[in-house]
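Below: the structure, in structure tokens.
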Amino acid sequence: MPRMNLFTEIRTLVTAELGAMTEAGDLPAGLDLSAVAVEPPRDPAHGDMSTNAAMVLAKPSGKPPRAIAEALATRLAADPRISSAEVAGPGFLNLRLRPAVWQGMVATILQAGDAYGRSTIGAGQKVNVEFVSANPTGPMHVGHVRGAVVGDALARLLAYAGWNVTREYYINDGGAQVDVLARSAFERYREAHGLEPEIREGLYPGDYLIPVGEALKEKYGDSLLDKGEQYWLSDVREFATEMMMQMIREDLAALGVEMDVYSSEKALYGTGKIEAALDRLQEMDLIYEGVLEPPKGKTPEDWEPREQTLFRSTAHGDDVDRPVKKSDGSWTYFAPDIAYHYDKVTRGFDQLIDIFGADHGGYVKRMKAAVAALSAGRVPLDIKLIQLVKLWKNGEPFKMSKRAGTYVTLRDVVEQVGADVTRFVMLTRKNDAALDFDFDKVLEQSKENPVFYVQYANARINSVLRKAREQGMDVADGTLATADLDRLDHPAEIALIAKLAEWPRLVEIAARTNEPHRVAFYLHELASELHGLWNRGNDEAGLRFLQDDPVVSQAKIALARAVGVVICAGLGILGVTPVEEMR
RNA sequence: GGCCCCGUAGCUCAACGGAUAGAGCGAUCCCCUCCUAAGGGAUAGGUUGCAGGUUCAAGUCCUGCCGGGGUCACCA
């Protein structure tokens with residue numbers, strides 16, 4: 001494979017030289033090199049790359065860091081890729097690469113295309129990303145959007161980094177809320193027959209159930225009208241739930257999200273799966289009958305000691321043990337969720353990721369405890385909590401209220417601002433930071449809007465390619481890759497290439513930390529470099545992409561196109577369509 | 001009260017345990033006969049909430065405080 005990740009390539013060089021130093025007796029044998037890093041320095045004055053090898057190895061080798069650094073520097077400087085290696089600060093080794101190495105990256109990127117930045121660190125491991133998992137009782141609203149976007153982008157990111165990814169939605173169709181749905185739908189069914197619906201307190205009043213009522217009429221005629229609830233509840237529940245899920249699938253599709261697997265909570269009941277999961281825990285002595293202490297601090301007024309079936313989650317890091325059965329003997333919500341996660345473990349996933357709303361934070365420890373126990377610690381579960389999205393409209397906070405009818409659905413958002421903008425904006429914050437979503441600002445075409453800013457960079461690149469094509473130049477990637485890239489010798493151009501060289505490394509870091517927002521931030525930085533170089537072309541004609549000399553021009557266009565390749569790859573991970581032109 | 005998350009420039013936020021903590025907005029100033037200025041550059045702005053600790057190195061890890069939010073047994 002050609003050089004893809006320049007940082008891992010140089011790290012390999014560094015560790016090889018460290019090995020040689022060991023053989024030469026300059027370093028003791030058996031050193032742990034895992035902490036040796038090669039990374040881009042924050043300050044460009046510190047070179048192209050720096051390594052902490054000398055500082056990390058000073059103590060275990062019993063040698064002063066600067067001595068190690070100097071010996072290593074001498075060796076590295078002999079490599080044809082390295083132009084200088086300087087010891088700095090407390091023992092950093094700052095490396096500069098020869099221009100040809102950077103210039104060669106442009107050809108690498110053009111040849112690799114979409115594959116540039118793809119990684120194998122996932123090693124084909126199976127990872128399950130569970131996200132959205134909204135109750136099937138209505139359309140998706142804005143609160144669900146962020147989780148949907150983060151989950152989907154994370155799934156794309158992990159796939160890009162070499163994981164075998166399954167996107168999964170857990171349908172909460174086993175609890176009381178789907179009974180409420182059924183009763184609400186039944187009223188709409190009566191309405192479809194010309195009767196006055198009785199939307200009592202506690203039922204779902206939304207108009208979206210009217211079509212469900214009509215569909216029920218179509219299917220059942222008037223045969224349910226005079227029947228008691230026990231007669232129709234189960235059928236109507238199933239029917240309405242299916243229609244809700246159909247709607248949710250369409251909502252997700254409108255946002256560009258496609259699940260691989262929909263798992264039903266209800267389907268776990270009566271199959272013995274819940275019992276089987278709890279039996280497993282029982283075998284480990286993690287299930288017992290007991291009475292919980294009242295919560296520390298404030299005790300609820302209606303608190304009463306109750307004997308329940310409890311999961312000893314404290315054995316795996318939780319603060320208190322958690323009930324899996326209610327006092328009437330039925331399962332709590334937690335029990336089927338344990339079974340569901342056990343199911344994921346037995347399906348052979350090497351890693352599980354759950355995307356939850358921040359209000360489910362209290363659920364994290366018990367879920368991790370359950371997975372730790374049921375997988376014997378083999379399968380890590382990472383739970384990402386998604387913070388609130390605050391809506392803004394006309395410069396002021398927009399309050400959602402079901403009663404006032406100011407209920408903003410996913411569809412509303414996608415129809416008003418588009419899936420691409422929605423997705424990008426949702427990834428402009430870390431998952432655990434609250435996010436403002438301003439309906440007016442996200443559509444603004446200015447540099448304040450990161451979506452636009454990145455798209456504009458790509459549009460400029462396409463503009464250059466278009467102009468070049470008009471001049472009769474062959475701008476196919478394969479041709480551009482053969483350009484005289486050593487003409488890209490200006491520091492500003494090298495700096496832009498260096499930014500491109502960070503892409504594979506960024507992908508790996510983002511994937512390892514399960515943080516897709518890093519991709520959005522990187523794209524913003526890359527766009528900024530591109531805009532900067534572009535504008536310098538205003539003052540220095542020699543920095544414009546289109547030049548009179550066709551050889552020089554081709555090289556510069558190759559660079560522009562390489563930036564475009566990475567922007568498109570990054571947007572692809574975010575699930576955002578690149579635009580060719582701003583209109 | 002217990003637990004979880006957050007606390008970084010006036011504002012909104014970045015920063016795989018690395019060096020002199022970075023962007024954008026806002027403020028002051030500058031750059032359009034030139035590939036889309038829908039952009040760019042410069043200046044000012046900081047004890048990373050406080051106090052300890054671990055480390056060669058802490059915004060980042062640990063402990064304790066302070067402040068904000070979330071959550072707290074038979075809801076899902």
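Chain naming here is simple, since letters A, B, ... match the order of the sequence lines and numbering starts at 1 in each.
For the pair K384(A) and C5(B), the criterion of a side-chain N or O lying under 4.0 Å from OP1 or OP2 is not met. OP1 or OP2 of A15(B) lies within a sub-4.0 Å distance of a side-chain N or O belonging to K430(A). Residue K556(A) places no side-chain N or O under 4.0 Å from the OP1 or OP2 atom of C35(B). Listed pair K59(A) / U55(B) fails the phosphate criterion, with no side-chain N or O lying under 4.0 Å from OP1 or OP2. For the OP1/OP2 pair of A15(B) and a distance below 4.0 Å, the side-chain nitrogens and oxygens of H517(A) include at least one atom meeting the criterion. At C35(B), none of the side-chain N or O atoms of Y456(A) fall inside 4.0 Å of OP1 or OP2 (strictly under the cut-off). Contact check, R66(A) against C56(B): no side-chain N or O comes under 4.0 Å of OP1 or OP2. Phosphate proximity of A37(B) to W534(A): present, with a side-chain N or O under 4.0 Å from OP1 or OP2. One finds a side-chain N or O of K447(A) lying less than 4.0 angstrom from the OP1 or OP2 phosphate oxygen of G40(B).
Following rounding to the nearest Å, D319(A) (CG) and A73(B) (C1') show an atom-to-atom distance of 14 Å. Rounded to a whole Å, the CD atom of E529(A) is 17 Å from the P atom of G39(B).
Of all nucleotides present, only U28(B) satisfies the Watson-Crick or G-U wobble test against A42(B), with each distance under 3.5 Å. U55(B) is unpaired under the Watson-Crick or G-U wobble criterion, no partner having all donor-acceptor distances under 3.5 Å. With both pairing distances under 3.5 Å, C65(B) is matched to G49(B) as a Watson-Crick or G-U wobble pair. U71(B) is paired with G2(B) under the criterion used here, namely a Watson-Crick or G-U wobble arrangement in which both key atom distances are under 3.5 Å. Pair check for U8(B) finds none; no Watson-Crick or G-U wobble contact set falls under 3.5 Å. Nucleotide U33(B) is matched to nothing when pairs are restricted to Watson-Crick or G-U wobble geometry with both distances under 3.5 angstrom. For U20(B), there is no paired base (Watson-Crick or G-U wobble, both distances below 3.5 Å).
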- request: Decide salt bridge (Lys or Arg N to Asp or Glu O under 4.0 Å) for E493(A) and K556(A); before the verdict, give the C-alpha distance in whole Å, the side-chain angles of both, and the deciding distance to 0.1 Å.
  value: CA-CA 9 Å; E493(A) 292 167 335; K556(A) 290 178 187 293; 2.4 Å; yes
- prompt: Hey, mind stepping through E444(A) and K441(A) against salt bridge (Lys or Arg N to Asp or Glu O under 4.0 Å) and telling me if it holds?
  reply: CA-CA 5 Å; E444(A) 222 168 74; K441(A) 277 192 183 160; over 6 Å; no
- prompt: Would D354(A) and K384(A) count as a salt bridge (Lys or Arg N to Asp or Glu O under 4.0 Å) if you check the C-alpha gap in whole Å, the side-chain angles of each, and the deciding distance to 0.1 Å?
  reply: CA-CA 6 Å; D354(A) 287 351; K384(A) 292 285 173 196; over 6 Å; no
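Checking side-chain atoms of T15(A) against main-chain N and O of R11(A) turns up a donor-acceptor pair under 3.5 Å. Using modelled atom types, one side-chain atom of Q455(A) and one backbone atom of T577(A) make a donor-acceptor pair closer than 3.5 Å. Listed for the D382(A) side chain is no donor-acceptor partner under 3.5 Å among the backbone atoms of I353(A).
Taking atom P in both C13(B) and G7(B), one finds a spacing of 10 Å when rounded to whole Å. Taking atom P on both C65(B) and G24(B), the two are 39 Å apart, rounded to the nearest angstrom. Distance noted for atom C1' between A15(B) and A27(B): 25 Å (whole Å). Using atom C1' as the reference point in both C66(B) and C50(B), the two lie 7 Å apart (nearest Å). The separation of A21(B) from G46(B), taken at their P atoms, amounts to 12 Å, rounded to a whole angstrom. C29(B) and G17(B): their C1' atoms are spaced 40 Å apart (whole Å). G26(B) and G68(B) have their C1' atoms separated by 24 Å, given to the nearest Å.
Closest-nucleotide positions on RNA chain B for Y333(A) and A434(A) were compared, and the one nearer the 5' end corresponds to A434(A). Where E265(A) and E525(A) each meet RNA chain B at their nearest nucleotide, the meeting point lying more 5' is that of E525(A).
Using a 4.0 Å heavy-atom cutoff across all strands shown, Y453(A) reaches sugar-phosphate atoms only and no base atom. At the heavy-atom level, P323(A) lies under 4.0 Å from the strands shown only through sugar-phosphate atoms. R518(A) comes within 4.0 angstrom of sugar-phosphate atoms only, judged by non-hydrogen atoms across all strands, and of no base.
Looking at R544(A), its side chain comes within 3.5 Å of the base of C34(B) through a donor and an acceptor atom. Applying the 3.5 Å distance criterion, the base of A73(B) shares a donor-acceptor pair with the side chain of R306(A).
Around the CG atom of D43(A), the shell of radius 6.0 Å holds more than 12 heavy atoms that belong to other residues, nucleotides or ligands.
Side chain of F521(A), nearest nucleotide from A76(B), C4(B), A14(B): A14(B). When the nucleotides G18(B), U71(B), G40(B) are ranked by their closest atom to the side chain of N52(A), G18(B) comes out on top.
Salt bridge annotation for E502(A)-K499(A): present, with a cationic side-chain nitrogen under 4.0 angstrom from a carboxylate oxygen.
C32(B) takes the syn form, because its glycosidic angle lies no more than 90° either side of 0.
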